[in-house]
Amino acid sequence: MSWSLLEIIRNNPERLIDSVKKRNMDPSIVTEIVNADKEWRNKLNEINKLRHEHNTISSKIARAESKDKDELMRKAKEVLNILESKERELKDLEFKREQLLLTLPNLVSEISPVGDESASRTIKVVGKIKVYEGDKEAINLLKQLGGDYEITSWKAKGHAEMLENVLKYGNTLKAGEVTGSRFYYLFDDIVWLEFALLLYAMDQMTVKGYTLVIPPYMLKGEVIKSVIDLDTFKDAIYKVADEDLFLIATAEHPIAALHYNETIEAENLPEKFAGFSPAFRKEAGAANKDMKGIFRVHQFHKIEQFVFSLPETSEALHQELLSNAEEIFGGLGIPYRVIDIATGDLGACAYRKFDIEAWMPAQGRFREMISCSNCLDWQSYRMNIRFVDRKNNRKGYVHTLNSTAIASTRTITAILENYQTEDGVVEIPKVLRKYLELFTKAPKEFIYPRK
RNA sequence: GCCGGGAUCGCCUAGCCUGGUAGGGCGGCGGCCUGCUAAGCCGUUGGGGGAAACCCCGCGUGGGUUCAAAUCCCACUCCCGGCGCCA
């Protein structure tokens, strides 16, 4: 037995109750599980004794004189009769216990700020922020956070306006007509920009030794349900009709599934991946948020960082993923802040989470670009991914970590707002230019309005 | 899609016909022996319950037959080979 949450349920349920409370969830689930686990173990013990009795009788039959056989078989059947109903009870108890365990959210870090979304703590603000002189609220926020900002006399246009009306490289109206809202057509220079972003992130990640991977874009129900919590499943996941297949919402999930039901040798850990994939999201919980443009869409591309690690190295690797993400996003020259997500806003899988939010001059606020989580053994328990450390004669569940490296459409929105000039042109971030040089028709320094 | 072959405790493999404690080799770990290494010998090396002694479950998955299933029966999954179809 080595799943950390089960150990806590048996040895220190108070810790878990505290953790669940910090998520603003009902802690009675914990006592419910403690009891369900006890009941299950008691029943299991009872049954093990009966099975032993049955096995003993049964093995005697093989060696018995034929005149004794009938009597022994009668006894064996008698025990089986009792076992039958008890095994049904055990199955029920086990199912109940397992269902309850699967509803449990992860432990939360002692360091995470406690409270709802508003309690999330800004760790740092990086880059030179442009803020319009009329955006008083934004200026106040920046003063409060201690960000380095300059006041501009003109107000940047929103990314949707830039994309569709100024540059004319996007069409969400037609996509809405033929597919639905939150879909888009992108053209020419923005397509080149998207590919440059993805190549840039792939380049950075592979230089750091991460293994590049294109995972399956669909997963079986059993697998995808084991890697995410039920809320995310309901809000985000598309199902393929008439198949037991689901479109992935991030490469995180199929990369985690790379070791589904496997045991990894400790000497091979950590395993680090940079995965490319499209991401399909229903955005069911998002109602009317961000309906304009391509900030919140049903389909985009992403390079995702994913790590399988030993328990003792996951906190350090979490910092590594964050610093990779900062290097990539910061390298674009877009001002951002890093926030330490509060306990009430973590999501069931995460033990601790950092977000990187870009400054959006037109909106006068920071918006999420990157999310970087340490899931400890929450996912690996559900996916049954273990490690074995033969040198130290030790076994357990691996820790999993994930972070965006780059998310295509969101990053494009940040570029459109931060790199636009007063005359409606968008400069291309310097780090992306070498990935555009290769292509004859790709834009090189600026994106000009489409003719 | 069709036909045939296959899936055994980390790896390799025996056992299946003929139901009765899953055996051997390699590798790992621990120990003994040893000037050191190697060899050799002993133990251990899937999951779970138990403070422990110990016990239960496990031979791709799920059912069935039986006192008893790796072994017999049914269904499914995946892999290999051949044929067909196809970007």
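Quick note on labels: first sequence line is chain A, next is B, and so on, each numbered from 1.
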A.B. asks: Are A:H318 and A:F354 close enough, and set up right, to give a ring-ring contact (aromatic ring centres under 6.0 Å, His included), and what steps lead you there?
C.D. replies: CA-CA 9 Å; A:H318 193 202; A:F354 302 111; 4.7 Å; yes

A.B. asks: Taking atom P in both B:U34 and B:G46, what distance in whole Å separates the two?
C.D. replies: 31 Å

A.B. asks: If the P atom of B:G25 is compared with that of B:C36, how far apart are they to the nearest Å?
C.D. replies: 28 Å

A.B. asks: What is the base-pairing partner of B:C29, counting Watson-Crick and G-U wobble geometry with both distances under 3.5 Å?
C.D. replies: B:G43

A.B. asks: By the 4.0 Å heavy-atom rule, please label A:A76 as base, sugar-phosphate, or nothing.
C.D. replies: sugar-phosphate

A.B. asks: Taking atom C1' in both B:C59 and B:G47, what distance in whole Å separates the two?
C.D. replies: 14 Å

A.B. asks: Rounded to the nearest Å, what distance is computed from the CD atom of residue A:E87 to the C1' atom of nucleotide B:C57?
C.D. replies: 10 Å

A.B. asks: Whole angstrom is fine here: how far is it from CG in A:D244 over to C1' in B:U61?
C.D. replies: 15 Å

A.B. asks: Report the base-pairing partner of B:U71 (Watson-Crick or G-U wobble, both distances below 3.5 angstrom), or none.
C.D. replies: none

A.B. asks: Taking RNA chain B as the partner, which of residues 44-51 of chain A come within under 4.0 angstrom of it by heavy atom?
C.D. replies: A:L44, A:N45, A:N48, A:R51

A.B. asks: Determine the Euclidean distance between corresponding P atoms of B:G28 and B:C11; express it in Å to zero decimal places.
C.D. replies: 15 Å

A.B. asks: How about A:H399 and A:S314: does a side-chain donor come under 3.5 Å of a side-chain acceptor?
C.D. replies: yes

A.B. asks: Can you tell me the base-pairing partner of B:C17? Count Watson-Crick or G-U wobble geometry only, both distances below 3.5 Å, and say none if there is no partner.
C.D. replies: none

A.B. asks: With a 3.5 Å distance limit and no angle check, can you tell me whether A:S120 reaches the backbone of A:A342 through a side-chain donor-acceptor pair?
C.D. replies: yes

A.B. asks: Round to a whole Å and report the spacing from CE of A:M73 to P of B:U65.
C.D. replies: 15 Å

A.B. asks: From CZ of A:R41 over to C1' of B:C57, roughly how many Å is that when rounded to an integer?
C.D. replies: 18 Å

A.B. asks: Base, sugar-phosphate, or nothing: which does A:K86 touch, judged by heavy atoms less than 4.0 Å apart?
C.D. replies: nothing

A.B. asks: Who is the Watson-Crick or G-U wobble partner of B:A38, with both distances under 3.5 Å?
C.D. replies: none

A.B. asks: Check the orientation of A:W3 and A:Y381. Use parallel for under 30°, tilted for 30 to 60°, and perpendicular for over 60°.
C.D. replies: parallel

A.B. asks: Going by purine N1 to pyrimidine N3 plus the second Watson-Crick contact, or the G-U wobble pair, all under 3.5 Å, which nucleotide sits opposite B:C2?
C.D. replies: B:G82

A.B. asks: Can you tell me how far C1' of B:C57 sits from NE2 of A:H54, to the nearest Å?
C.D. replies: 15 Å

A.B. asks: Using the C1' atom on both, measure B:C57 against B:G50 and round to a whole Å.
C.D. replies: 15 Å

A.B. asks: So, does A:R394 get its side chain near the phosphate of B:U45, meaning an N or O under 4.0 Å from OP1 or OP2?
C.D. replies: no

A.B. asks: Base, sugar-phosphate or nothing for A:K395? Non-hydrogen atoms, less than 4.0 Å.
C.D. replies: sugar-phosphate

A.B. asks: Tell me if the side-chain of A:T263 makes a donor-acceptor pair with the base of B:G46, cut-off 3.5 Å, by modelled atom types.
C.D. replies: no

A.B. asks: Provide, to the nearest angstrom, the distance between the CG atom belonging to A:N384 and the C1' atom belonging to B:G48.
C.D. replies: 13 Å

A.B. asks: For the residue pair A:F308 and A:F306, does the interplanar ring angle fall in the parallel (under 30°), tilted (30 to 60°) or perpendicular (over 60°) class?
C.D. replies: perpendicular

A.B. asks: When we call it a touch if two heavy atoms are under 4.0 Å apart, what does A:S58 touch: a base, just sugar-phosphate, or nothing?
C.D. replies: base

A.B. asks: May I ask you to test the A:R352-A:S373 pair for a side-chain heavy-atom distance under 4.5 Å?
C.D. replies: no

A.B. asks: Check every strand shown and say whether A:K391 touches a base, only sugar-phosphate, or nothing at a heavy-atom separation below 4.0 Å.
C.D. replies: sugar-phosphate

A.B. asks: For B:G10, does OP1 or OP2 lie under 4.0 Å from any side-chain N or O of A:R390?
C.D. replies: no

A.B. asks: Would you check if there is a donor-acceptor pair between the side chains of A:E271 and A:H259 at a distance under 3.5 Å?
C.D. replies: yes

A.B. asks: If you measure from the P atom in B:A70 to the same atom in B:U65, how many Å do you get, rounded?
C.D. replies: 16 Å

A.B. asks: Rounding to an integer number of angstrom, what distance separates B:G20 and B:C29 when you compare their C1' atoms?
C.D. replies: 34 Å

A.B. asks: Using whole Å, what does the distance between atom P of nucleotide B:G47 and atom CG of A:N261 come to?
C.D. replies: 13 Å

A.B. asks: How far does the C1' atom of B:G63 sit from the matching atom of B:U77, given to the nearest Å?
C.D. replies: 14 Å

A.B. asks: Answer yes or no for A:R410 and A:F300: cation-pi contact, defined as NZ/CZ to six-membered ring centre under 6.0 Å and angle to ring axis within 45°.
C.D. replies: no

A.B. asks: At less than 4.0 Å, is any side-chain N or O atom of A:N55 found next to OP1 or OP2 of B:C57? Yes or no.
C.D. replies: yes

A.B. asks: Considering Watson-Crick and G-U wobble pairs with both distances under 3.5 Å, what does B:C9 pair with?
C.D. replies: none

A.B. asks: Can you measure from CG (A:D92) to NZ (A:K43) and round to the nearest 0.5 angstrom?
C.D. replies: 10.0 Å

